[in-house]
Q: 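Below is one structure. I have some questions about it.
Counting starts at 1 for both ligands and their atoms, following the listed order. Bear in mind the structure is a predicted one, so any value in this text is a computation, not a measurement.
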Amino acid sequence: MTAQEFTPKAYSNTTESGKVTWESPSNIALVKYWGKKKDQIPENPSISFTLNNCKTITTLTFSKKENSSDFEFDVFLDGEKKDDFKPKIQTFFERIELYLPFLKHYKFKIETKNTFPHSSGIASSASGMSALALCLMSVEEELGVDHLDDYFYKKASFLARLGSGSACRSIEGDLIVWGQTEAIEGSTELFGVKYPYKVHENFKDYQDTILLVDKGEKQVSSSVGHNLMYNHPYANNRFQQAHDNLEKLKPILESGNLNDFTALIESEALTLHAMMMTSMPYFILMKPNTLEIINKIWGFREETGLNISFTLDAGANVHVLYPKNESSEILEFIKNELVVYCQNGHYICDQIGFGAKQLTM
Ligand code: PMV
């Protein structure tokens, strides 16, 4: 497919106003996206587990306006007007206007809330941008475009990507690939696709307990971090490694080999942070407690032989991953030994999920 295929034909309806609501989850990458080209095209392929409990719920109210010279919208988080969110959405609208030409003809009210605390250090950009992209797709349907399901989700993912790269992996579940790679048939840079091969029972209901080590604002944003991959001394090797890791993940997902799974995802997490530490300027997003947790996890795994592993995103929080049938012992360990390293003892229990849902409110 090409981006041009997402440009709609003329709209048949002239709907005056309406309201749509979607809830969309966050996701956690196993093979990480780090580094991008123009228009949010990733430098390397990535794959993620869609989450289930960490979600954004967005209601979009729209009404026709007289003047179509500019975008008009207001944003509310938990009922409170948030003008500081507007520049990001303005940029998003500018990037997607070509694919949703109705945008300047309506005034929008965007009301959003997250199921996780706003200041938890969990990025709400993936769930937030995907929820908004889905709401806009529903508006397009109300304007008379009869989307087939497959096209609807592809275009929603395509639009979400233009808001925040990893958001394109939040539309569906449970394993989503984004970025073109020979390892995965049908993979594309334009949107996320469902992982098309066999997945072992071991990965069904996989658990993700998110340990909130640092809830503060990140010192370096993802967009600055992605840009530091330009002229990065290890960039090309890293991009190649992501392709290789996707290839290596296939037999792991098929056979359910949890030792190899652990080695691959922990190496990916540490490589992501190694890229940050070796860029110029260099930076560190892990905190001392991130390392304390990692060491405890390694010790517990050695001692018990249980399949506990970790991954990190672009921050200090630790995602602890494990199969559901080992939950009771691992959760006990988390509560007794790891929660002490979390800010105010906060953590979130999540698990693999199946993507966004439209809500009727
Ligand atoms: O979607 P962005 O621009 O916030 O970048 C996300 C990058 C990582 O979370 C670090 C990795 C990933 O693949 O999600």
Side-chain angles (χ1 to χ4, degrees), residues 24-51 54 56 85 88 91-92 95 114 120-133 157-171 173 175-181 184 187 189-193 195 208 210 214 217-230 232 235 238-239 241-243 245-246 249 264-277 279 283-286 290 310-319 321 350:
S24 190
S26 185
N27 68 74
I28 181 68
L30 305 172
V31 173
K32 310 285 179 181
Y33 145 61
W34 198 242
K36 62 180 165 190
K37 302 178 204 162
K38 203 172 157 273
D39 295 333
Q40 310 271 96
I41 296 296
E43 287 277 13
N44 68 257
S46 58
I47 183 167
S48 52
F49 276 152
T50 304
L51 295 180
C54 290
T56 297
F85 285 13
K88 196 159 184 200
T91 307
F92 178 46
R95 284 186 190 152
N114 299 321
S120 60
I122 298 190
S124 56
S125 58
S127 52
M129 283 299 175
S130 53
L132 181 54
S157 173
F158 170 83
L159 297 173
R161 187 198 92 231
L162 292 167
S164 168
S166 60
C168 76
R169 297 188 314 235
S170 276
I171 306 286
L175 268 168
I176 302 291
V177 179
W178 169 44
Q180 209 279 319
T181 180
I184 314 282
S187 57
E189 300 176 325
L190 297 178
F191 46 82
V193 299
Y195 178 74
D208 179 5
I210 310 164
D214 185 33
E217 185 86 5
K218 281 189 283 191
Q219 285 142 340
V220 180
S221 70
S222 286
S223 19
V224 172
H226 286 294
N227 284 336
L228 291 172
M229 288 304 280
Y230 288 112
H232 189 293
R238 161 58 198 153
F239 301 148
Q241 182 196 37
H243 287 269
N245 277 345
L246 268 153
L249 197 57
L264 191 141
I265 64 156
E266 291 190 349
S267 159
E268 272 290 322
L270 295 179
T271 301
L272 167 72
H273 284 258
M275 290 302 109
M276 301 174 189
M277 289 191 245
S279 58
F283 60 104
I284 302 181
L285 294 183
M286 291 186 286
T290 312
F310 74 85
T311 190
L312 308 167
D313 54 19
N317 297 334
V318 182
H319 289 249
L321 301 181
D350 210 335

Q: I need the nearest protein heavy-atom contact for atom 7 (C) of ligand 1: residue, atom name and distance, please.
A: Tyr33 O, 3.5 Å
Q: Would you say the side-chain atoms of Thr181 pair up with the backbone N or O of Ile184, donor to acceptor, closer than 3.5 Å?
A: no
Q: So does Trp178 get a backbone contact from the side chain of Arg169, meaning a donor-acceptor N/O pair under 3.5 Å?
A: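 Such a contact is absent between Arg169 side chain and Trp178 backbone.
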Q: Could you tell me the residue and atom name of the protein heavy atom closest to atom 12 (C) of ligand 1, and the distance to it rounded to 0.1 Å?
A: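 Ranked first by proximity to atom 12 (C) of ligand 1 is Arg169 NH2, 3.3 Å.
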Q: Hey, which atoms in ligand 1 end up nearer than 4.0 Å to a heavy atom of Gly165?
A: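 Once the distances to Gly165 are compared, the set is 1 (O).
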Q: For the pair Asn114 (side chain) and Gly128 (backbone), establish whether a donor and an acceptor sit closer than 3.5 Å, ignoring hydrogens and angles.
A: no
Q: Spell out, as yes or no, whether a donor-acceptor pair under 3.5 Å connects the side chain of Asn317 to the backbone of Asp214.
A: yes
Q: Less than 3.5 Å between some nitrogen or oxygen of Ser164 and one of ligand 1, yes or no?
A: yes
Q: If you count the atoms of ligand 1 from 1 in the order shown, which ones are under 4.0 Å from a heavy atom of Ala314?
A: 10 (C)
Q: When you measure from atom 9 (O) of ligand 1 to every protein heavy atom, which one gives the shortest distance, and what is it?
A: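 Looking at atom 9 (O) of ligand 1, the protein heavy atom closest to it is Asp313 CB, 3.9 Å.
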Q: For atom 3 (O) of ligand 1, what's the nearest protein heavy-atom neighbour? Residue, atom name and distance, please.
A: His226 NE2, 3.0 Å
Q: Using modelled atom types only, decide if a donor and an acceptor are shared between the side chain of Lys32 and the backbone of Ala242 within a distance under 3.5 Å.
A: no
Q: What part of Leu272, side chain, backbone, both or neither, has a heavy atom within less than 4.0 angstrom of ligand 1?
A: side chain
Q: Counting N and O atoms only, with roles assigned by atom type, does the side chain of His232 sit under 3.5 Å from a partner on the main chain of Met275, one being a donor and the other an acceptor?
A: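 Side chain of His232 to backbone of Met275: a pair is present.
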Q: Quick check on contacts: which atoms of ligand 1 are under 4.0 angstrom from a heavy atom of Ala29?
A: 12 (C), 13 (O), 14 (O)
Q: Name the closest protein heavy atom to atom 1 (O) of ligand 1, giving the residue it belongs to and the distance to 0.1 Å.
A: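 For this ligand atom, the closest protein heavy atom is Ser166 OG, 2.7 Å.
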Q: Are any side-chain N or O atoms of Ser24 and backbone N or O atoms of Thr56, one a donor and one an acceptor, separated by less than 3.5 Å?
A: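 No: the side chain of Ser24 does not pair with the backbone of Thr56.
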